[in-house]
> 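A single structure is presented below for examination.
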There are 2 protein chains.
Amino acid sequence: MSTTPLAATRRATITDVAREAGTGKTSISRYLNGEMSVLSPELRARIEAAIERLDYQPNQMARGLKRGRNRLIGMLLADLTNPYSIEVLQGVEAACQALGLMPLICHAANEVEMERRYLQLLTTYRVEGVIVNALGVREETLRPVGGGGIPAVLVDRSVEGLVADMVGLDNRAAAELGTRHLLEHGFDDIWFVVQPFEQVSSRQLREAAFREVMRGVAGKDEGGQGGARGHTLVLNLADPEAVEHALAELDRAIDAAGRSDGAVANAIDNAIDNVSSSSVGKPARIALFAANAPVALCLALHLKARYGADWQARVALLSIDDPEWAELTGVTTIRQPTYEIGYRAVEFLHERIEGVQTTARDCLLPGELIVRASTSR
Amino acid sequence: MSTTPLAATRRATITDVAREAGTGKTSISRYLNGEMSVLSPELRARIEAAIERLDYQPNQMARGLKRGRNRLIGMLLADLTNPYSIEVLQGVEAACQALGLMPLICHAANEVEMERRYLQLLTTYRVEGVIVNALGVREETLRPVGGGGIPAVLVDRSVEGLVADMVGLDNRAAAELGTRHLLEHGFDDIWFVVQPFEQVSSRQLREAAFREVMRGVAGKDEGGQGGARGHTLVLNLADPEAVEHALAELDRAIDAAGRSDGAVANAIDNAIDNVSSSSVGKPARIALFAANAPVALCLALHLKARYGADWQARVALLSIDDPEWAELTGVTTIRQPTYEIGYRAVEFLHERIEGVQTTARDCLLPGELIVRASTSR
DNA sequence: CTGTTAGCGCATTCAC
DNA sequence: GTGAATGCGCTAACAG
């Protein structure tokens with residue numbers, strides 16, 4: 001049996017160690033803070049021994065109280081269910097590790113009220129900064145942070161009039177990338193499916209970019225992508241009834257597109273039914289563009305239930321985010337540089353905490369298109 | 001413009017509030033702790049106003065220091081990448097919410113060294129308890145917790161000689177359930193695939209239960225499940241080379257099984273080739289039993305890459321854990337009561353924190369078999 | 001090089 | 001009912 005420290009009941013304090021080492025608290029404190037040069041080797045050894053003997057561990061809370069900094073930062077996540085979140089988190093953790101910070105992770109489970117509560121809780125714990133990836137990102141809820149409050153950096157969202165850094169995907173570029181990919185592969189009936197916009201700027205940006213590209217090709221009648229139509233479908237995942245309605249609308253479109261022979265035979269159809277590219281009378285090649293992984297999953301599950309395992313023969317699916325099941329099902333995706341997003345967010349925050357006072361910065365990282373069978377057969 | 005508090009630079013303290021309200025700190029403290037009955041309505045109103053005006057929020061750290069309890073608990077997770085973890089986490093969060101606790105989430109990313117560091121960090125922050133779901137769950141690493149140290153509850157793992165509660169899946173029953181299911185559906189060549197056992201008791205238990213069931217049927221020659229063979233394959237996901245080797249072994253078995261006509265036609269094969277059920281000369285119906293979701297994903301990805309989208313016609317896959325892609329790909333699973341596991345873990349911990357001193361308890365919850373196309377066609 | 005002193009923000013006796 | 005005093009565990013001047 002190894003030497004179990006006596007202090008099984010109460011943790012040793014700095015005072016205990018000082019007494020045990022036969023010295024004052026200051027020296028212990030110095031030892032703890034690495035000010036070795038000012039300690040005689042002899043004293044140092046005694047302290048070391050005492051700490052060992054008492055199994056002493058300094059109380060971070062007390063340190064924080066005194067120093068005014070506790071090395072804690074808050075990480076507010078809207079939805080841990082979204083693989084995006086946990087990937088970003090990994091970057092955050094790595095950066096924290098490197099910078100000696102400790103992330104306090106708060107999961108708001110898509111509830112704005114919870115976000116508010118957690119934000120308050122974080123300030124109450126006097127975190128030195130917060131990384132926010134939430135829904136209710138608006139000036140009022142974020143009052144306590146940014147600007148005059150504690151340093152903050154926004155992930156995947158931006159809000160006007162708030163002094164805070166922001167890091168995330170280059171949403172415009174990503175949405176354009178995806179839309180162009182679909183157009184180039186001959187899809188001419190494209191549905192952009194997105195959760196309710198609320199205050200989430202990334203959703204708005206992605207949809208806007210999609211719409212803009214589609215508007216650009218709407219006029220052109222020649223070329224492979226003439227007359228393509230774009231639609232936006234809002235899918236409120238939190239409301240089953242709304243989901244059902246939205247999916248029903250989608251089903252009608254898919255059924256209509258597949259009327260003549262099914263989408264797989266479209267190339268042939270085009271050759272035969274070679275009328276003008278007006279969308280009437282010609283079976284459209286239909287594609288779904290999911291604004292993120294949760295939406296994509298919802299769509300895929302529905303389509304599989306409705307059209308069977310071979311659903312991808314009828315509809316193409318492209319998604320922003322690259323969940324683990326994408327490779328498995330052959331769904332084309334746009335992968336976000338999630339790890340880097342998290343890492344950079346912490347770096348930004350750290351700079352602000354250390355007092356590097358700059359104006360609010362935006363860091364837009366590019367997405368990577370990963371073409372899979374879904375859109376390329 | 002609403003009244004922005006002046007204290008943009010320094011947070012207000014209890015002293016500020018006392019001065020602002022023209023009273024002593026004690027009354028403020030009483031107000032904060034809800035001892036309303038001891039405050040004159042008049043003073044109470046003044047305090048309320050002062051707090052409002054200064055946007056005062058009590059410092060939890062200081063409170064914790066004084067009270068000796070900070071309402072923080074640690075949640076140590078081996079692998080956030082595993083959907084199991086984040087589902088458990090949701091239960092944990094809900095329970096914490098209900099009990100007024102704040103979980104400090106630590107992600108060890110499958111590194112034992114990190115687990116050690118985080119455990120130390122947690123004690124350093126004087127958390128009131130820890131919930132541990134880690135790899136290196138052994139007596140020595142857990143020295144600081146359990147027994148004489150801070151209260152602890154283990155999730156999905158148990159370790160001898162440690163005074164701590166444990167809550168998790170009934171691994172024996174779950175593995176038996178899955179194995180029996182496969183046998184009943186005529187699979188007679190079953191591979192149990194699991195990560196290296198290390199200190200993880202659940203892996204050991206699952207494999208042991210599987211092996212026991214297989215041993216039970218190995219002798220019987222009659223009945224639909226006579227002569228079925230069971231194998232255990234260890235898949236070290238952390239080592240790509242090891243994975244490759246293991247998968248190659250699996251491939252050989254699958255190729256051998258599918259030699260005559262492919263697994264789908266097995267019922268017919270059985271009727272024609274009606275020799276004794278000795279496993280030679282008869283194409284076996286092969287099934288993979290994944291010990292958890294990460295393993296299942298690895299297998300599925302490999303099989304898809306090797307045998308194409310239709311891989312499930314050749315091999316059946318059953319997995320403990322029910323990841324989001326299971327429904328999408330039609331893989332049979334055994335779902336764990338993850339949410340409840342998390343919730344119960346916090347409840348147990350809370351009781352211990354509150355001093356309910358009992359002997360170590362084990363809480364085994366049942367898994368639910370979800371039959372999908374993979375094993376039932 | 002080392003020890004003494006004085007708080008950090010708050011809760012808790014204990015008097016008034 | 002209310003407030004002044006004391007100390008939680010630690011750090012940061014200050015002295016020696």
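The figures here come from the full heavy-atom set of this structure, side chains too, leaving out hydrogens, waters and symmetry mates.
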> Less than 4.0 angstrom between a side-chain N/O of A:Ser40 and OP1 or OP2 of C:dC1, yes or no?
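It does not, given that no N or O in the side chain of A:Ser40 lies less than 4.0 Å from OP1 or OP2 of C:dC1.
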> A:Lys25 or A:Pro41: which one's nearest nucleotide on DNA chain C is closer to the 5' end?
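Its nearest nucleotide being more 5', the pick is A:Pro41.
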> Does B:Val155 offer a backbone N or O that forms a donor-acceptor pair with the side chain of B:Asn133 under 3.5 Å?
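Here the side-chain-to-backbone pair exists.
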> Salt bridge or not between B:Glu128 and B:Arg352? Use side-chain N to carboxylate O under 4.0 Å.
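Looking at B:Arg352 together with B:Glu128, the answer is no, because their closest N to O distance does not fall below 4.0 Å.
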> Determine the contact category for B:Ile28: base if any of its heavy atoms lies under 4.0 Å from a base atom, sugar-phosphate if only primed atoms, P, OP1 or OP2 are that close, otherwise nothing.
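If one applies the 4.0 Å heavy-atom cut-off, B:Ile28 turns out to touch nothing in the nucleic acid.
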> I want to check one thing: is the phosphate of C:dC10, taken as OP1 and OP2, less than 4.0 Å away from some side-chain N or O of B:Arg63?
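Checking B:Arg63 against C:dC10: no side-chain N or O falls below 4.0 Å of OP1 or OP2.
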> Please report the distance, rounded to the nearest Å, between CG in A:Asn70 and C1' in C:dG9.
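For the pair A:Asn70 CG and C:dG9 C1', the rounded distance is 13 Å.
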> I'd like to know whether A:Arg71 forms a side chain to side chain contact (heavy atoms under 4.5 Å, CB included) with B:Tyr125, so could you lay out the CA-CA distance, the side-chain angles of the two residues, the decisive distance to 0.1 Å, and finally the verdict.
CA-CA 11 Å; A:Arg71 310 281 70 191; B:Tyr125 275 105; 4.2 Å; yes
> Taking only side-chain N and O atoms of B:Ser27, does any of them lie within less than 4.0 angstrom of OP1 or OP2 on D:dT2?
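False: B:Ser27 side-chain N/O out of range (4.0 Å or more) of D:dT2 OP1/OP2.
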> Under 4.0 Å between a side-chain N or O of A:Tyr31 and OP1 or OP2 of D:dC10?
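The answer is no; no side-chain N or O of A:Tyr31 sits under 4.0 Å from OP1 or OP2.
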> Looking at every strand, decide which applies to B:Leu39 at a 4.0 Å heavy-atom threshold: base, sugar-phosphate, or nothing.
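Sugar-phosphate, no base atom in range.
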> Once you build an axis from the first five pairs and another from the last five of the helix from C:dC1-D:dG16 to C:dC16-D:dG1, how far apart in angle are they, to 10 degrees?
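About 40°, once rounded to a multiple of 10°.
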> As a test of reading the structure: which of C:dG9, D:dT2, D:dG9 is closest to the side chain of B:Thr13, going by heavy atoms?
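For B:Thr13, the side-chain atoms sit closest to C:dG9.
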> Checking B:Arg361 against B:Phe348: charged group under 6.0 Å from the ring centre and within 45 degrees of the axis?
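Judged by the rule (NZ or CZ under 6.0 Å from the ring centre, within 45° of its axis), B:Arg361 counts as positioned above B:Phe348.
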> Rounded to the nearest angstrom, tell me the gap between atom CG in B:Asn33 and atom C1' in C:dG9.
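Whole-Å distance recorded here is 13 Å.
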> In whole angstrom, what separates B:Glu35's CD from C:dT12's P?
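The answer, rounded to whole Å, is 8 Å.
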> How many Å lie between CZ on B:Arg44 and P on D:dT2, as a whole number?
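It is 11 Å, rounded to the nearest whole Å.
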> Where do B:Asp16 and B:Arg10 land on the salt bridge (Lys or Arg N to Asp or Glu O under 4.0 Å) test, with the steps shown first?
CA-CA 11 Å; B:Asp16 299 328; B:Arg10 194 181 60 82; 3.1 Å; yes
> Distance check needed: D:dT11 C1' versus A:Gln60 CD, whole Å only.
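Checked: the CD to C1' distance equals 13 Å.
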> With distance as the sole test, does B:Glu115 use its side chain to make a donor-acceptor pair with the main-chain N or O of B:Ala78 at under 3.5 Å?
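Looks like no, no N/O pair under 3.5 Å.
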> Can you tell me which nucleotide in D:dG9, C:dG3, C:dC10 comes closest to the side chain of A:Thr23?
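Selected nucleotide (nearest to the side chain): C:dG3.
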> Is the backbone of A:Asn70 close enough, under 3.5 Å, to the side chain of A:Gln60 for a donor and an acceptor to pair up by distance?
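No, because the side chain of A:Gln60 does not come within donor-acceptor range (under 3.5 Å) of the backbone of A:Asn70.
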> In whole Å, I'd like the distance from the CZ atom of A:Arg69 to the C1' atom of D:dA12.
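Rounded to whole Å, this separation is 15 Å.
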> Calculate the interatomic distance between A:Leu65 atom CG and D:dG7 atom P; express it in whole Å.
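The distance from CG of A:Leu65 to P of D:dG7 comes to 17 Å, rounded to the nearest Å.
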> Regarding C:dG9, can its base be found pairing with the side chain of A:Arg126 as donor and acceptor, where the two atoms are less than 3.5 Å apart?
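Answer is no: no donor-acceptor pair is held.
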> Provide, to the nearest angstrom, the distance between the CD1 atom belonging to A:Ile47 and the C1' atom belonging to C:dT2.
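Rounding to the nearest Å, CD1 of A:Ile47 and C1' of C:dT2 are 10 Å apart.
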> May I have the step-by-step check of side chain to side chain contact (heavy atoms under 4.5 Å, CB included) for A:Leu80 and B:Leu80, ending in yes or no?
CA-CA 10 Å; A:Leu80 261 181; B:Leu80 261 182; 5.5 Å; no
> Is it the case that the base of D:dG1 and the side chain of B:Arg30 share a donor-acceptor contact (distance under 3.5 Å, atom types as modelled)?
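Such a pair does not exist between side chain and base.
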> Under 3.5 Å, is there any donor-acceptor pair linking the side chain of A:Thr26 to the base of C:dT4?
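By the distance-only test, yes, there is a pair.
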> Between B:Arg67 and B:Gly22, which is nearer to the 5' end of DNA chain D once each is assigned its nearest nucleotide?
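On the 5' side of the pair lies B:Gly22.
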> Look at the side chain of A:Lys66 and the base of C:dG7, then say whether one donor and one acceptor between them are separated by less than 3.5 Å.
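For A:Lys66, whose side chain was compared with the base of C:dG7, there is a donor-acceptor pair (under 3.5 Å).
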